[in-house]
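A short worksheet on the structure shown next.
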Amino acid sequence: MIRRAMGEVDVKSAIRQTLAKIEEAHSKRVQTIKPSKPLLVAVSKTKPVELILDGYSAGQRDFGENYVQELIEKANDSKILQQCKEIRWHFIGHLQSNKINKIVNLPNLHMIQTVHNAKTAESLNKAWEKVMAGDPNKNKLNVLIQINTSGEDEKNGTEPADAVNLYRFVTEKCSHLNCHGIMTIGRFGHDYSTGPNPDFIELMKCHAEICSTFGKDSAELQVSMGMSDDYIQAIEMGSTIVRVGSSIFGARAKKPEA
Ligand SMILES: *Cc1c(COP(=O)(O)O)cnc(C)c1O
């Protein structure tokens with residue numbers, strides 16, 4: 001067996017530490033937000049399969065990737081297929097129409113977190129209809145609606161003002177999708193000494209609006225927000241899914257946006 005070089009990340013202990021911090025933040029969460037234990041999605045983009053195997057052996061089941069080609073390679077990797085039978089892949093990257101057919105056919109695809117407009121939702125719904133027709137054991141495809149809370153041009157997502165409409169479209173017109181909630185990426189590098197993160201405030205507003213429009217209990221609608229730098233603050237504000245990459249797997253080399 002090859003020993004890991006000094007200074008390389010210890011994914012197992014990083015996952016344990018992250019779960020402990022999630023637990024602590026969850027216990028501090030404001031009382032008005034219904035408790036549901038946040039889900040940790042370990043974001044393994046740019047990282048080798050070996051580190052995913054490490055995370056899996058520590059009990060981690062949910063992994064996130066945001067480059068389609070990389071996700072295809074990892075989801076079909078023979079070691080992952082053999083040793084990680086219960087892995088649940090979350091696609092968290094930009095959902096391009098021409099990549100949808102590749103994504104829906106991936107083994108162990110669990111959720112697409114980045115449905116950002118009606119057209120994409122419709123294509124995804126059609127593609128998943130075919131997958132379900134070919135496999136009677138498949139359930140509806142889990143999705144989240146991505147909202148561009150920061151209004152930055154380079155970020156995808158529907159505008160906050162359209163969140164209710166897109167939610168309505170997906171839940172009423174896309175019968176093969178199961179919409180669990182909403183997600184945002186948000187602006188990077190918020191300075192918490194200036195107050196709470198405006199992206200989190202904005203996403204929680206969308207959450208409240210969708211819940212009140214559709215008469216849903218707040219605990220029924222998932223909120224995916226928070227990454228390595230701010231998942232604790234995100235949980236305190238109501239996040240139920242955190243996507244944590246570098247603080248588990250180590251810093252990433254820069255890679256052009258897919
Ligand atoms: C890369 C990425 C993350 C994880 O970011 P870290 O800062 O490494 O934790 C979370 N969400 C999305 C959409 C990402 O692309």
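For residues 77-91, the salt bridge (Lys or Arg N to Asp or Glu O under 4.0 Å) pairs, not counting sequence neighbours, are Glu50-Lys79, Arg61-Glu86, Asp62-Arg88. Applying the ring-ring contact (aromatic ring centres under 6.0 Å, His included) test to every pair with at least one member in residues 143-172, sequence neighbours left out, gives these pairs: Tyr167-Phe214. Within the structure, every pair that satisfies the ring-ring contact (aromatic ring centres under 6.0 Å, His included) test and touches residues 104-153, not counting sequence neighbours, is listed here: His90-His110, His94-His116.
When the side chains of ILVMFWY residues are joined at heavy-atom separations under 4.5 Å, either directly or via intervening members, Leu71 and Phe249 end up in a single hydrophobic cluster. A continuous path of hydrophobic side-chain contacts links Ile201 to Ile210 [ILVMFWY only; heavy atoms under 4.5 Å]. Leu109 and Met183 fall into different hydrophobic clusters, defined by Ile, Leu, Val, Met, Phe, Trp and Tyr side-chain heavy atoms under 4.5 Å apart, directly or through other members. Linking ILVMFWY side-chain heavy atoms closer than 4.5 Å, directly or via other members, places Met111 and Val244 in two distinct hydrophobic clusters. The hydrophobic clustering, which links ILVMFWY residues whose side-chain heavy atoms are closer than 4.5 Å, places Ile241 and Leu203 apart.
In terms of the side-chain hydrogen bond (donor to acceptor under 3.5 Å, both in side chains) criterion, Gln146 has no residue partners (sequence neighbours excluded). Arg187 meets the salt bridge (Lys or Arg N to Asp or Glu O under 4.0 Å) test with Glu152; sequence neighbours excluded. Qualifying salt bridge (Lys or Arg N to Asp or Glu O under 4.0 Å) partners for Lys47, counting only residues two or more places apart in sequence or in other chains: none. Under the side-chain hydrogen bond (donor to acceptor under 3.5 Å, both in side chains) criterion, Asp162 pairs with no residue, sequence neighbours left out. Residues satisfying the side-chain hydrogen bond (donor to acceptor under 3.5 Å, both in side chains) test with Ser78, not counting sequence neighbours, are none. Scanning for side chain to side chain contact (heavy atoms under 4.5 Å, CB included) contacts around Asn117 gives Lys119, Thr120, with sequence neighbours left out. Every residue meeting the side chain to side chain contact (heavy atoms under 4.5 Å, CB included) condition with Ser193, not counting sequence neighbours, appears here in chain and number order: Asp191. Take Thr184 and apply the side-chain hydrogen bond (donor to acceptor under 3.5 Å, both in side chains) test, not counting sequence neighbours, and it matches Thr149.
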**OP:** Please report the C-alpha distance between Ile72 and Gln69 in whole Å, then the side-chain angles of each, then the deciding distance to 0.1 Å, and finally whether the side-chain contact (heavy atoms from CB on, under 4.5 Å) criterion is met.
**Re:** CA-CA 5 Å; Ile72 292 171; Gln69 195 51 40; 4.0 Å; yes
Original post:
Between Leu39 and Gln222, is a side-chain contact (heavy atoms from CB on, under 4.5 Å) present by the stated rule, with each step listed?
Top reply: CA-CA 10 Å; Leu39 175 74; Gln222 303 277 321; 5.7 Å; no
Original post:
Under the side-chain contact (heavy atoms from CB on, under 4.5 Å) criterion, do Gln113 and Val41 qualify, and how do the steps go?
Top reply: CA-CA 11 Å; Gln113 296 205 3; Val41 174; 4.1 Å; yes
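Here the shortest heavy-atom pairing between Ala121 and Leu177 reads O-CD1, 3.7 Å. Residues Leu221 and Gly181 come closest through the heavy atom pair CD1-CA, 3.7 Å. Contact detail for Ser224 and Leu144: the closest heavy-atom pair is CB-CD1, 3.6 Å. Counting all heavy atoms, side chain and backbone alike, Gly55 lies closest to Phe63 at C-CZ, 4.1 Å. A pairwise comparison of heavy atoms in His190 and Pro196 identifies NE2-O, 3.4 Å as the closest pair. Contact record, Arg29 with Pro38: NH1-CG, 4.0 Å, taken as the closest heavy-atom pair.
Using a 4.5 Å heavy-atom cutoff, the side chains of Lys45 and Arg252 are in contact. By the 4.5 Å heavy-atom criterion applied to side chains, Arg168 and Val164 are counted as neighbours. Side-chain atoms of Arg243 and Ile185, non-hydrogen and from C-beta on, do get closer than 4.5 Å to each other. Residues Ser13 and Arg16 form a side-chain contact, since some pair of their non-hydrogen atoms from C-beta on lies under 4.5 Å apart. Leu95 is listed as a side-chain neighbour of Ile103, based on a closest heavy-atom distance under 4.5 Å. Residues Ser239 and Phe200 fail the side-chain proximity criterion, which asks for heavy atoms closer than 4.5 Å. Counting heavy atoms from C-beta outward, Trp89 and Leu106 have side chains that stay 4.5 Å or more apart.
Atoms OG1 and CG, from Thr114 and Asn66 in turn, are 9.0 Å apart once rounded to the nearest 0.5 Å. Taking CD of Gln96 as the start and NZ of Lys102 as the end, the distance is 10.5 Å to the nearest 0.5 Å. Atom CG of Leu40 sits about 6.0 Å away from atom OG1 of Thr18, to the nearest 0.5 Å. Residue Gln17 holds its CD atom at 10.0 Å from CD1 of Ile248, rounded to the nearest 0.5 Å. Distance check, rounded to the nearest 0.5 Å: CD of Glu172 to SG of Cys179 gives 11.5 Å. Atom NE2 of residue His176 and atom CG of residue Asn178 lie 12.5 Å apart, to the nearest 0.5 angstrom.
Heavy atoms of other residues, nucleotides or ligands lying less than 6.0 angstrom from CG of Asn98 number more than 12. No more than 12 heavy-atom neighbours from other residues, nucleotides or ligands sit within 6.0 angstrom of CD on Glu159.
In terms of modelled atom types and a separation under 3.5 Å, the side chain of Lys12 and the main chain of Asp54 share no donor-acceptor contact.
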Side-chain donor-acceptor distances from residues 225-232 under 3.5 Å, at least two apart:
from: Ser228; atom 1: OG; to: Ser246; atom 2: N; distance (Å): 3.4
from: Ser228; atom 1: OG; to: Ser246; atom 2: OG; distance (Å): 3.4
from: Ser228; atom 1: OG; to: Ser247; atom 2: N; distance (Å): 3.0
from: Ser228; atom 1: OG; to: Ser247; atom 2: OG; distance (Å): 3.4
from: Asp230; atom 1: OD1; to: Met227; atom 2: N; distance (Å): 2.9
from: Asp230; atom 1: OD2; to: Tyr192; atom 2: OH; distance (Å): 3.4

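Cation-pi contact between Lys74 and Tyr67: absent, since separation from the ring centre below 6.0 Å together with deviation from the ring axis within 45° is not met.
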